[in-house]
Amino acid sequence: MKKFTLLTVLAAFVAAFSFTSCNTDGDSYTPLTLEQQKSFQAAMAVGSYNNMMLLFEKKNEANVNKQIDSVAVSCRVSMYGDSTITMTNFPIAQLAEHISNKNLAEALAKEAPRTITCKYQVAPNSTSAMAYFLACPSVIELNLTYGTDNKSHKVQFAFAPNQMYYGYCTLNEPRQLGFQFYLAQLWVDGAQTSYLKNSVSGNSYVQFACRNAFKK
């Protein structure tokens, strides 16, 4: 099985969202100290992040130029040692179209949206006005019953952050938040599978972007 590479250049969302590049133009990379991390995390946790959208790849045969969909979400940033962003209304059923195993896809398509947690870490180029960070959801684990034997299976979705572009969080009003991540691997009963097939691109990963909704 081909190994997923975080440094793969994925252009589908790059043009659509104004994230800050992780490329530091040759500057040396000095990680934030623990105290600096805690300071930025505390500032991020003060804000309320509503009017948010989660965008994700979705096949659209009627309009090949619009191969994305979106749902309304809300995010809450907190700092509990390892730091989390809680995201509501994650559309787990929408992942079904990207799964090649028909029985598993049918079972997943019946799942209701859920609240998930994302781990994040603040980047060293952050400022007093803007925190830049990398984030991705923790592993999502489901117990799904499917197949001819109607057996229960432990299904796990593993994510990875977009290391090409930092997420952002404004530390003053109006509060703005945005970050990208990928669904990178699909595991069933403790074994990695090759079931993950992007219905739009054919890749073995699915791209997501969470950000404030654009004003009309």
Side-chain angles (χ1 to χ4, degrees), residues 1-8 10 12-13 52-59 67-121 133-165 167 179-210:
M1 184 178 301
K2 185 176 180 180
K3 185 178 180 180
F4 177 84
T5 303
L6 288 179
L7 296 181
T8 302
L10 305 173
F13 281 153
M52 303 285 294
M53 299 295 295
L54 177 69
L55 295 95
F56 49 91
E57 293 179 294
K58 180 176 177 59
K59 193 172 185 62
Q67 301 293 308
I68 61 172
D69 200 354
S70 63
V71 296
V73 300
S74 64
C75 291
R76 179 173 57 85
V77 180
S78 58
M79 47 174 297
Y80 298 121
D82 55 2
S83 312
T84 59
I85 296 174
T86 303
M87 180 190 301
T88 64
N89 200 36
F90 185 84
I92 193 73
Q94 297 296 334
L95 301 179
E97 74 167 67
H98 302 292
I99 295 176
S100 61
N101 183 295
K102 182 179 178 181
N103 291 328
L104 171 54
E106 289 178 349
L108 186 63
K110 300 175 184 178
E111 290 293 299
R114 63 190 59 213
T115 297
I116 64 171
T117 58
C118 305
K119 302 299 183 183
Y120 76 92
Q121 184 175 41
F133 63 95
L134 293 175
C136 73
S138 302
V139 172
I140 297 177
E141 183 174 313
L142 306 173
N143 289 310
L144 299 177
T145 300
Y146 62 90
T148 56
D149 57 359
N150 205 35
K151 184 180 177 180
S152 178
H153 299 272
K154 182 172 72 173
V155 181
Q156 296 170 298
F157 298 93
F159 297 84
N162 185 338
Q163 292 192 346
M164 296 296 293
Y165 287 83
F179 59 99
Q180 298 185 39
F181 57 90
Y182 311 115
L183 172 60
Q185 296 177 352
L186 170 59
W187 294 66
V188 175
D189 296 330
Q192 186 178 350
T193 74
S194 58
Y195 298 156
L196 193 57
K197 300 292 184 183
N198 189 309
S199 65
V200 176
S201 65
N203 293 322
S204 58
Y205 46 81
V206 182
Q207 304 172 92
F208 292 84
C210 180

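Counting from 1, the numbers follow the sequence of the chain as shown. Because the structure is predicted, anything quoted here is derived from the model rather than measured.
When side chains are defined from C-beta on, I99 counts as touching L108, because their heavy atoms get closer than 4.5 Å. At least one side-chain heavy atom of C210 sits less than 4.5 Å from a side-chain heavy atom of V73. V139 has its side chain out of reach of W187: every pair of non-hydrogen atoms, C-beta onward, lies at least 4.5 Å apart. Counting heavy atoms from C-beta on, the side chains of R114 and L142 come closer than 4.5 Å. You'll find the side chain of H98 stays beyond 4.5 Å of the side chain of F56, heavy atoms only. At a threshold of 4.5 Å between non-hydrogen side-chain atoms, the residues C118 and C136 do not count as touching. In this structure, V155 and E141 have side chains that are not in contact, with every pair of non-hydrogen atoms separated by 4.5 Å or more. Proximity of F208 to L183: side-chain heavy atoms (C-beta onward) are separated by under 4.5 Å at one or more points.
Using modelled atom types, one side-chain atom of T88 and one backbone atom of S74 make a donor-acceptor pair closer than 3.5 Å. Counting only distance, with no hydrogens or angles, the side chain of S70 and the backbone of L55 share no donor-acceptor pair below 3.5 Å.
Between L196 and Y205 the shortest heavy-atom distance is CD2-CA, 4.2 Å. Smallest separation of non-hydrogen atoms from A184 and A160: CB-CB, 4.2 Å. Residue N89 comes nearest to P113 through the heavy atom pair OD1-CB, 3.2 Å, listed as atom of the first residue, atom of the second, then distance. Heavy atoms only, all atoms of each residue included: A93 and A109 are closest at CB-O, 3.5 Å. In plain terms, the two heavy atoms of F159 and S138 that are nearest each other are CD1-O, 3.9 Å. Here the closest non-hydrogen pair linking A96 and A105 is CB-O, 3.3 Å.
In this view, E97 and K58, K59, S199 satisfy the side-chain contact (heavy atoms from CB on, under 4.5 Å) rule, not counting sequence neighbours. With sequence neighbours left out, E106 forms a side-chain contact (heavy atoms from CB on, under 4.5 Å) with K102, N103.
Rounded to the nearest 0.5 Å, atoms CG (L186) and OH (Y195) are 8.0 Å apart. Taking OG1 from T84 and CD1 from I116, the interatomic distance works out to 11.5 Å, rounded to the nearest 0.5 Å. Rounding to the nearest 0.5 angstrom, the gap separating the CE atom in M87 from the CE atom in M52 is 7.5 Å. Rounded to the nearest 0.5 Å, atoms CZ (R76) and OG1 (T86) are 4.0 Å apart. Distance check, rounded to the nearest 0.5 Å: NZ of K151 to OH of Y146 gives 9.5 Å.
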### Message
Run E111 and L95 through side-chain contact (heavy atoms from CB on, under 4.5 Å) and show every step you take.
### Response
CA-CA 10 Å; E111 290 293 299; L95 301 179; over 6 Å; no
### Message
Could you go through V188 and L104, starting from their C-alpha distance and side-chain angles, then the distance that decides it, and tell me whether this counts as side-chain contact (heavy atoms from CB on, under 4.5 Å)?
### Response
CA-CA 10 Å; V188 175; L104 171 54; 4.2 Å; yes
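No hydrogens or angles considered: a donor-acceptor pair under 3.5 Å links the side chains of E57 and N198. No hydrogens or angles considered: a donor-acceptor pair under 3.5 Å links the side chains of N162 and Y182.
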